[in-house]
S.K.: 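I'd like to ask some things about the structure below.
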Amino acid sequence: MKSGGAAATSHNQDSMEKFSNRDIIVYVLGGPGSGKGTQCSKIVEHFGFTHLSAGELLETEVKSGSETGKMIQEFKKEGKLVPSEVVVKLLQQAMQKSRNRNFLIDGFPRNEENRVAAEKMLNIQPTIVLVFDCSEEETIRRVLHRNQGRVDDNMDTIKKRLKVYKESTLPVIDYFTRKGKVRKINAEKPIEEVFRSVEAVFSELGLAKHTVGRACVQTA
């Protein structure tokens, strides 16, 4: 029994070493309307990354009906943030299931608590942090354009989301900027121009562009 436990511990350590030393891990951040979802799809298509969305992983877990899913649902009903440990655990499980070792982690870490939890639980640092930069004026214009509800309601929602982004996510971006990890992309340009800027960053990582289809998309 002891040897089995040791083997399991060794396997877990090996998994963490892979996350730390061999994988390419790209965090993708950007405010509402920055177009990061569109760019993530293009990165998956042309560079073969596994795309993990923290929000979609949480939603998938809720739909599964698991005990963790029920807990997540309760937090959402009460208007509370899901604990970072839960989010990181779901990311960890998805990463361990994937045969691909290049990860695009979208919308994470949203705050300092997320970042610290990922560092402690996964023992990982991102290879780079892609930040899709968009002015507040352009953000409002884009989100209002794509929403068809009442303008006042939409404006209120947008401003709240921007406030949360500035207060919670910008400190994370500042942290990684100091570590030399951040690559800011001007997200106000047309989609193809934005992607050319993304390609330049991936070229810096020594990654060649290729078409792999949709098989590497993974959200659970």
Side-chain angles (χ1 to χ4, degrees), residues 8-9 11-20 23-45 48-127 129-130 132 143 157 160-161 164-165 167-169 171-173 176 212-220:
T9 301
H11 174 75
N12 289 338
Q13 288 174 343
D14 288 343
S15 296
M16 292 309 165
E17 286 172 8
K18 286 180 183 179
F19 287 167
S20 300
D23 299 356
I24 294 177
I25 298 170
V26 178
Y27 286 161
V28 183
L29 298 173
S34 63
K36 63 187 178 66
T38 298
Q39 295 300 322
C40 281
S41 295
K42 294 179 78 65
I43 292 168
V44 168
E45 180 183 358
F49 274 62
T50 288
H51 178 203
L52 298 174
S53 164
E56 289 183 19
L57 286 170
L58 288 168
E59 192 61 35
T60 298
E61 192 66 23
V62 169
K63 289 178 181 177
S64 75
S66 69
E67 289 303 312
T68 300
K70 291 174 184 175
M71 178 182 65
I72 293 168
Q73 184 73 352
E74 285 304 310
F75 275 104
K76 288 187 173 184
K77 283 181 181 177
E78 294 174 14
K80 296 179 180 178
L81 289 175
V82 176
S84 293
E85 290 77 10
V86 175
V87 181
V88 173
K89 188 68 178 175
L90 292 176
L91 283 170
Q92 180 185 32
Q93 290 169 354
M95 291 170 78
Q96 289 174 334
K97 287 177 185 175
S98 176
R99 293 182 181 181
N100 190 6
R101 307 316 304 165
N102 294 344
F103 298 100
L104 198 63
I105 302 181
D106 177 11
F108 181 93
R110 289 185 183 275
N111 52 42
E112 279 289 280
E113 185 184 312
N114 281 177
R115 178 188 66 76
V116 171
E119 290 179 2
K120 286 182 178 178
M121 294 174 65
L122 301 183
N123 189 30
I124 63 171
Q125 283 285 338
T127 310
V129 180
L130 272 184
F132 290 96
V143 179
T157 300
K160 284 179 181 176
R161 290 175 66 192
V164 170
Y165 181 74
E167 292 178 352
S168 299
T169 307
V172 174
I173 294 171
F176 285 120
V212 296
R214 300 170 64 183
C216 289
V217 177
Q218 179 176 331
T219 57

S.K.: Once rounded to the nearest 0.5 Å, what's the spacing between atom OG1 of T50 and atom CD1 of I24?
M.R.: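 Output value for this atom pair is 12.0 Å.
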S.K.: Mind checking side-chain hydrogen bond (donor to acceptor under 3.5 Å, both in side chains) for K63 and listing every partner two or more places apart, or none if nothing turns up?
M.R.: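 With sequence neighbours excluded, K63 shows a side-chain hydrogen bond (donor to acceptor under 3.5 Å, both in side chains) to no residue whatsoever.
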S.K.: Which heavy atom of A117 sits nearest to which heavy atom of V88, and what is that distance?
M.R.: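 Smallest interatomic distance, heavy atoms only, reads CB-CG2, 3.8 Å.
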S.K.: Which residues satisfy the side-chain hydrogen bond (donor to acceptor under 3.5 Å, both in side chains) test with S64, sequence neighbours excluded?
M.R.: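 For S64, the residues satisfying side-chain hydrogen bond (donor to acceptor under 3.5 Å, both in side chains) (neighbours in sequence not counted) are S66.
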S.K.: From T169 OG1 over to N111 CG, what is the distance, rounded to the nearest 0.5 angstrom?
M.R.: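 So the gap between those two atoms works out to 7.0 Å.
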S.K.: Any chance you could measure N114, atom CG, to L91, atom CG, to the nearest 0.5 Å?
M.R.: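 Rounded to the nearest 0.5 Å, the CG-CG separation comes out at 9.0 Å.
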S.K.: Determine whether E59 and K76 satisfy the following criterion, side chain to side chain contact (heavy atoms under 4.5 Å, CB included), listing intermediate values before the conclusion.
M.R.: CA-CA 11 Å; E59 192 61 35; K76 288 187 173 184; 3.3 Å; yes
S.K.: Applying side-chain contact (heavy atoms from CB on, under 4.5 Å), name anything that partners E67, two or more places apart in sequence or on another chain.
M.R.: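 For E67, the residues satisfying side-chain contact (heavy atoms from CB on, under 4.5 Å) (neighbours in sequence not counted) are K70.
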S.K.: How far does OG of S98 sit from CD of Q93, to the nearest 0.5 angstrom?
M.R.: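 S98 OG to Q93 CD: 13.5 Å, rounded to 0.5 Å.
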S.K.: Tell me if a side-chain donor or acceptor on T127 pairs with a main-chain N or O of V26 at a distance below 3.5 Å.
M.R.: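 No, the answer is negative, given that no donor and acceptor are paired below the 3.5 Å cut-off.
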S.K.: Using the test salt bridge (Lys or Arg N to Asp or Glu O under 4.0 Å), find all partners of K42 that sit at least two apart in sequence or belong to another chain.
M.R.: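 By the salt bridge (Lys or Arg N to Asp or Glu O under 4.0 Å) rule, K42 matches E192.
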S.K.: Which heavy atom of L52 sits nearest a heavy atom of A94, and at what distance?
M.R.: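 Closest heavy-atom pair between L52 and A94: CD2-CB, 3.7 Å.
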S.K.: I'd like to check the salt bridge (Lys or Arg N to Asp or Glu O under 4.0 Å) partners of K160; sequence neighbours left out, ordered by chain and number.
M.R.: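 K160 satisfies salt bridge (Lys or Arg N to Asp or Glu O under 4.0 Å) with D156 only.
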S.K.: Taking side-chain contact (heavy atoms from CB on, under 4.5 Å) as the definition, give me every residue that meets it alongside V62, ordered by chain and number, with sequence neighbours left out.
M.R.: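 With sequence neighbours excluded, V62 shows a side-chain contact (heavy atoms from CB on, under 4.5 Å) to I72, Q73, given in chain and number order.
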S.K.: Search all heavy atoms of V28 against all heavy atoms of C40 and return the closest pair with its distance.
M.R.: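 Nearest pair, atom of V28 first, then C40: CG1-SG, 3.9 Å.
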S.K.: Suppose we screen for side-chain hydrogen bond (donor to acceptor under 3.5 Å, both in side chains). Which residues come up paired with E113, at least two apart in sequence or across chains?
M.R.: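 Here the qualifying residues are S84.
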S.K.: If the condition is salt bridge (Lys or Arg N to Asp or Glu O under 4.0 Å), which residues does E112 pass it with, not counting sequence neighbours?
M.R.: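 Salt bridge (Lys or Arg N to Asp or Glu O under 4.0 Å) list for E112, sorted by chain: R115.
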S.K.: Shortest non-hydrogen contact from V87 to A54?
M.R.: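 Between these two residues, the closest heavy atoms are CG1-CB, 4.0 Å.
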S.K.: To the nearest 0.5 Å, how far apart are CG in L130 and CG in L104?
M.R.: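 Atom-to-atom, L130:CG and L104:CG are 7.5 Å apart.
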S.K.: Who are the side-chain hydrogen bond (donor to acceptor under 3.5 Å, both in side chains) partners of K77, not counting sequence neighbours?
M.R.: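 For K77, no residue satisfies side-chain hydrogen bond (donor to acceptor under 3.5 Å, both in side chains) once neighbours in sequence are set aside.
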S.K.: Output, in order, the C-alpha distance, side-chain angles, deciding distance and verdict of side chain to side chain contact (heavy atoms under 4.5 Å, CB included) for Y165 and E167.
M.R.: CA-CA 6 Å; Y165 181 74; E167 292 178 352; over 6 Å; no
S.K.: Can you check whether K36's main-chain N or O pairs, donor with acceptor, with D106's side chain at less than 3.5 Å?
M.R.: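 Pair absent, no side-chain N/O of D106 close to backbone of K36.
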S.K.: Keeping to residues at least two apart or across chains, list the salt bridge (charged side-chain N to carboxylate O under 4.0 Å, His left out) pairs with something in residues 24-34.
M.R.: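 For residues 24-34, and leaving out neighbouring residues, there are no salt bridge (charged side-chain N to carboxylate O under 4.0 Å, His left out) pairs at all.
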S.K.: List the steps and the verdict of side chain to side chain contact (heavy atoms under 4.5 Å, CB included) for M95 and I25.
M.R.: CA-CA 10 Å; M95 291 170 78; I25 298 170; 4.0 Å; yes
S.K.: Going by the rule ring-ring contact (aromatic ring centres under 6.0 Å, His included), which residues pair with F176 if we only count those two or more places apart in sequence or in a different chain?
M.R.: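 Counting only residues at least two positions away or on another chain, F176 forms a ring-ring contact (aromatic ring centres under 6.0 Å, His included) with Y27.
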S.K.: Which distance, rounded to the nearest 0.5 Å, do you find between the CG of L122 and the CD1 of I105?
M.R.: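 Taking CG in L122 and CD1 in I105, the distance rounds to 7.5 Å.
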S.K.: Grab the two heavy atoms, one from E85 and one from M121, that are nearest each other, plus how far apart they are.
M.R.: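 Between these two residues, the closest heavy atoms are O-CE, 3.6 Å.
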